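Single-structure report; data block below.
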Amino acid sequence: MKDHYQLVIIGAGPAGLSAAIVAAEHGLEVAVVDEQAAPGGQIYRAIESISPQRIKQLGGDYQRGYELVEHFRNSSAAYHPLTSVWSLNDRLEIGLLDQGKARMIKADHVLLAGGALERPIPFKGWTLPGVMNAGAGQIMFKQAGIIPEDGVVLAGSGPLLLLLAWQYLHAGVKIRALLDTSPYHNLLRALPHLPRALMAHHYITRGLHYQNMIKLAGVPIIKGVSQLAAHGTDRLEKISYRRHGKSHELDTDLLLVHFGVVPHTHLSRAAGCKHYWDNNQQCLRPQLDEWGTTSQPGLLIAGDTAGIGGARTAEHAGRLAAFQILFQQGIIDQAQRDREAAKDRKWMRDDLHIRPFLEKLFRHPWGLLARADADTIVCRCEEITAGQIRAEYHRGHGSSNQVKFISRSGMGPCQGRQCMLAVAHILADESNQPMRDDAFYKVRPPVTPLTLGQLASLYPEEQE
Ligand SMILES: Cc1cc2nc3c(=O)[nH]c(=O)nc-3n(C[C@H](O)[C@H](O)[C@H](O)COP(=O)(O)OP(=O)(O)OC[C@H]3O[C@@H](n4cnc5c(N)ncnc54)[C@H](O)[C@@H]3O)c2cc1C
């Protein structure tokens, strides 16, 4: 790896790959870094190595990734897998962990395409062994063909939950129940957005197809679930929930939960980009123009890191960002940028018609986001409960950073990824205020764990 590139792309998912292809085709010196072992990102994970049988089980959307990954492999972009980015600053200096060694590289432009993470929502028992994210279940399936042998309960809301249920059924997994935590009124609130959503009707037909398949397979889809809780002594034994005012229990040793996905903002915040609270997506997003340009010169963002739009939108957003970078580097002029990007801009506009409908349909109730029981752990790394966070608020520590400083929440290995949103929601709830743009922990490098030895490898000449 060199010390300097014209363009460094962080993330080899649909956004990063499509950007790399466009930029490399126009002669830019591009390096793509990704912590995974192979290109594809979340959706096309392990696409180059997976068996034909598993590909069938994962469905047509997954198969689309072949062409994109192949095109990328044939491009001149340098690819650095198993390389994680632990810092990014406003001078476009990038801290990498490459084969166990830390190093810094620099770029004229950086495209951040780090994707999304599953929205962490703390609920009673969520830290018990046997409770996992649905995305983690899907990763094991894609990467290693591992599926639950003795059945599974799926719970939460969002398209990925339906997709995983469909994929599991194809692989012969027994799904004991699918518990839907979206409130009933969501459908009513989504309906006014349906006419616009029909312009991207393939999402709706696919969603209905998954639902029908799941019903036909005899899986109970239980809607209007609230107060989901996991119980067990050393590991999960059963779950409980409320529905129509009654309590229910279900024996299971595996619960996969999913509450949608939210942008990965650690690196963009570390680099000082402006962000805002998007009340529709219920997440923090970077402020961008339609090309993915951030408030920091030379730093662009594309794909789910920019806001949740799905894999196809990510692909087009990556291309748009690449055209903008080519324009900013003087390789193409504005007219060429606009001409070459016209199809992507139209595609994105059309594809995003579905979003307001989905955002209303899968909107999480405030109680689920902000009102975890007092003894529920919110910061998993430091084992800080919702009750402790509320207590700090009432002791006068009203901001996330004060709570972090006093309680250590957000100071563990995940650096607040798992608790950042929950802590901000709990504080907003206690203070009876809406969510604010600046309600979150400040981010400081390293954003991922780094040992002192790895950090010391940055300065080999200073070693004795
Ligand atoms: C767990 C999970 C599973 C999903 N499964 C599906 C699915 O099956 N079907 C579907 O339609 N959508 C799925 N999604 C949504 C899907 O991720 C996106 O719509 C799409 O992949 C977004 O593309 P992207 O290029 O923006 O990001 P991604 O595809 O997420 O790619 C981002 C890449 O950035 C890398 N990265 C992130 N941070 C760093 C760092 N600090 N250092 C180095 N590399 C980094 C990641 O390893 C990843 O390869 C899933 C999302 C998640 C979180």
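We count ligands from 1, going down the list as the structure has it; atoms in each ligand are counted the same way. Note that this is a predicted model, so its numbers are computed, not measured.
In terms of polar-atom proximity, Thr448 is not counted as a contact of ligand 1, lacking any N or O under 3.5 Å from an N or O of the ligand. Of the polar atoms of Ala311, at least one N or O is found under 3.5 Å from an N or O of ligand 1, judged by distance alone. The shortest N or O to N or O distance between Asp304 and ligand 1 is under 3.5 Å. Ligand 1 has no N or O atom lying under 3.5 Å from any N or O atom of Ser84, backbone or side chain.
In this pair, Phe259 and His364 present their aromatic rings perpendicular. The plane angle is above 60°, beyond the 30 to 60° band. The aromatic rings of Trp277 and Phe440 sit parallel to each other, their planes meeting at less than 30°, with 60° as the upper class boundary. Classification of the His26-Phe323 ring pair by plane angle, with boundaries at 30° and 60°, yields perpendicular.
Shortest contact from atom 6 (C) of ligand 1 to any protein heavy atom: Leu160 CD1, 3.5 Å. What sits closest to atom 49 (O) of ligand 1 on the protein, heavy atoms only, is Asp34 OD2, 2.6 Å. Among all protein heavy atoms, the one lying closest to atom 10 (C) of ligand 1 is Ile43 CD1, 3.4 Å. At the top of the distance list for atom 42 (N) of ligand 1, counting protein heavy atoms only, stands Val85 N, 2.9 Å. At the top of the distance list for atom 53 (C) of ligand 1, counting protein heavy atoms only, stands Ala116 O, 3.6 Å. Shortest contact from atom 44 (N) of ligand 1 to any protein heavy atom: Glu35 N, 3.1 Å. Counting only heavy atoms of the protein, atom 50 (C) of ligand 1 lies nearest to Gln42 CB, 3.9 Å. Remark: minimum distance from atom 24 (P) of ligand 1 to any protein heavy atom is reached at Pro14 CD, 3.9 Å.
For Ile308, no heavy-atom contact with ligand 1 is shorter than 4.0 Å. Residue-level proximity to ligand 1 for Ala113 is carried by the backbone, the only part with a heavy atom below 4.0 angstrom. The backbone and the side chain of Ala15 each have at least one atom closer than 4.0 Å to an atom of ligand 1 (non-hydrogen atoms only). With a heavy-atom cut-off of 4.0 Å, Asn133 does not touch ligand 1 at all.
A salt bridge does not link Asp351 to Arg312: none of the charged nitrogens lies less than 4.0 Å from a carboxylate oxygen.
A donor-acceptor pair under 3.5 Å links the side-chain atoms of Ser49 to the main chain of Ala46, judged by distance alone. No donor-acceptor pair closer than 3.5 Å links the side chain of Gln324 to the backbone N or O of Gly292. With hydrogens and angles disregarded, no donor-acceptor distance shorter than 3.5 Å links the side chain of Thr313 to the backbone of Ala311. Ser84 places no side-chain N or O within donor-acceptor distance of the main-chain N or O of Glu35, the cut-off being under 3.5 Å. The backbone N or O of Gly114 lies less than 3.5 Å from a partner atom in the side chain of Thr305, making a donor-acceptor pair. With hydrogens and angles disregarded, no donor-acceptor distance shorter than 3.5 Å links the side chain of Gln167 to the backbone of Gln138.
How far CD of Glu25 is from CZ of Arg319: 7.5 Å, rounded to the nearest 0.5 Å.
Across all non-hydrogen atoms, the minimal contact from Pro263 to Leu117 is O-CD2, 3.8 Å.
At least one heavy atom of Lys142 lies less than 4.0 angstrom from ligand 1. Ligand 1 is approached by Leu163 to a heavy-atom distance shorter than 4.0 Å.
Less than 4.0 angstrom separates some heavy atom of Gly303 from each of these atoms of ligand 1: 26 (O). Under a 4.0 Å criterion applied to the non-hydrogen atoms of Thr83, ligand 1 contributes the atoms 43 (C). Listed by number with element, the atoms of ligand 1 under 4.0 Å from a non-hydrogen atom of Gly11 are 33 (C), 34 (O), 35 (C). Interface atoms of ligand 1 facing Gly135, defined by a heavy-atom separation under 4.0 Å, are 1 (C). Of all atoms in ligand 1, numbered sequentially from 1 with element shown, those under 4.0 Å from a heavy atom of Gly114 are 32 (C), 34 (O), 37 (C).
With Gln138, Glu315, His264 as candidates, the residue nearest to atom 5 (N) of ligand 1 on a non-hydrogen basis is Gln138.
Looking only at atom types and distance, the side chain of Asp108 has a donor-acceptor partner in the side chain of His4 under 3.5 Å away. For the residue pair Arg64 / Tyr44, a side-chain donor-acceptor distance below 3.5 Å is found, with atom types taken as modelled.
A cation-pi contact, defined as under 6.0 Å to the ring centre and within 45° of the axis, is absent between Arg206 and Trp166.
In this structure, atom 14 (N) of ligand 1 has its sub-4.0 angstrom surroundings free of protein heavy atoms.
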